Peer 1: 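Handing you a structure now.
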Amino acid sequence: MDTFTESAYAKLNLSLDVTGKRTDGYHDMEMVFQQISLKDDVTIDIEPGEGIRVFSSLRYLPGGRENIAYRCAERFLQDAGLSGRKINIRLDKRIPVGSGLGGGSADGAAVLRGLNRYFGGPLSSEELLRAADSVGSDIPFCLTGGTALAHGKGELLEPLPPLSGCAFVVIKPSFSVSTPELFQKLDSVRVMLHPDTEGMVSAIRTGDIREVGRRLYNVFEDALGREKSVVDDIKNSLLDAGAVGASMTGTGSAVFGMFADGSSADAAAENLSGMWRFCESVRPMNGQL
Ligand code: C5P
């Protein structure tokens, strides 16, 4: 039996805009993604035989086809034309579930990346990205990582220069959000404000952390119900603790603050950690594919 462990890094949405509804039921997006150092460990065992099994440090996570990691392994074997392998996947979860931090997508991307490397690269980068997109909209970004502008469902990616020097504090309140439900809710509200994506991209290109911080914005915050006040409270706590900006990530419920340097993020996380069950200081990651 061969065993290896792959790191699965979480993502933040520095900005998130929904620009329209598509005929396939999905939404057109314009997002700036940032990969962060918060990660799950994905351990893969490969032995002769058949079948895919997923185990997790969180008992309530599904082990079958409902798990993104399972579907990524299945899709990889199919696309690479491989059979006669039994694949066991163990997920050691540190990325909070139902948080908008892309934990499931990161695990799926780690499975695709790890299996492709183990089998000697049967799929090209483009083929891996296509496989990722067929399983979930955020998985292509989790494969490429770093900082990127995304269009389409989230699969059309344009890499951006790395954000260096800054840091983030990520806080997850006790409630979780269902992604399809929040997309549905957004369809029924009038979005009053949209992020300045172009301004965000220029600020990233010039490396101006304060200008990036000022433009952090997520339209899903307008679709939240009574949870909005919790998200606003966390954002205010992060700003009071010295963040240059704060926003919810993805469909939530995690909220993050951006800090000009690592030591101010560490100090803020220490001060705020007593108030929230999940509160961590993290760093931006550079791309991988
Ligand atoms: O692609 P993924 O499986 O991650 O999407 C989960 C759900 O989020 C979809 O079933 C859809 O309801 C919603 N979604 C959307 N538009 C996108 C991405 C996701 O409506 N661009």
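If you're wondering where the values come from, they're calculated on a predicted model, not measured in any experiment. Start at 1 and go down the list; that is how both ligands and their atoms are numbered.
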Peer 1: Parallel, tilted or perpendicular, judged at 30° and 60°: which one describes the rings of F33 and F141?
Peer 2: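 It falls in the parallel class, under 30°.
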
Peer 1: Does ligand 1 have any atom sitting under 4.0 Å from a heavy atom of T179?
Peer 2: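 Judged by the 4.0 Å heavy-atom criterion, T179 does count as contacting ligand 1.
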
Peer 1: Tell me which protein heavy atom sits closest to atom 13 (C) of ligand 1, plus the residue, atom name and distance to 0.1 Å.
Peer 2: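 Protein heavy atom with the smallest distance to atom 13 (C) of ligand 1: F183 CD1, 3.3 Å.
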
Peer 1: Assess whether a salt bridge exists between D266 and R283, defined as any Lys/Arg side-chain N lying under 4.0 Å from an Asp/Glu carboxylate O.
Peer 2: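 Between R283 and D266 there is a salt bridge, with a charged N closer than 4.0 Å to a carboxylate O.
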
Peer 1: Hey, is R94 close enough to D41 for a salt bridge, meaning N to O under 4.0 Å?
Peer 2: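 Yes, charged N to carboxylate O under 4.0 Å.
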
Peer 1: Give the atoms of ligand 1, by number and element, whose distance to some non-hydrogen atom of P180 is under 4.0 Å.
Peer 2: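 Matching atoms, with element in brackets: 12 (O).
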
Peer 1: Charged N to carboxylate O under 4.0 angstrom, E211 versus R214?
Peer 2: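 Counted as a salt bridge, because a side-chain N and a carboxylate O are separated by less than 4.0 Å.
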
Peer 1: Hey, is E47 close enough to R53 for a salt bridge, meaning N to O under 4.0 Å?
Peer 2: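 No, this pair does not count.
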
Peer 1: Consider only side-chain N and O atoms of K86 and N88, and report whether a donor and an acceptor are under 3.5 Å apart.
Peer 2: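 The answer is no; no qualifying pair exists.
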
Peer 1: Which atoms of ligand 1 are found less than 4.0 Å from any heavy atom of G136?
Peer 2: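 So the atoms of ligand 1 that pass are 1 (O).
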
Peer 1: Nearest protein heavy-atom contact for atom 1 (O) of ligand 1: which residue, which atom, what distance?
Peer 2: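 So the nearest neighbour among protein heavy atoms is S137 OG, 2.6 Å.
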
Peer 1: Give the contacting part of M29 toward ligand 1: side chain, backbone, both or neither, where contact means a heavy-atom distance below 4.0 Å.
Peer 2: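 The answer is the side chain.
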
Peer 1: Ligand 1 versus Y26, non-hydrogen atoms closer than 4.0 Å: side chain, backbone, both, neither?
Peer 2: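 Both parts.
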
Peer 1: Just which atoms of ligand 1 are under 4.0 Å from any heavy atom in H27?
Peer 2: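 Taking each heavy atom of H27 in turn, ligand 1 has 15 (C), 16 (N), 17 (C), 20 (O), 21 (N) under 4.0 Å.
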
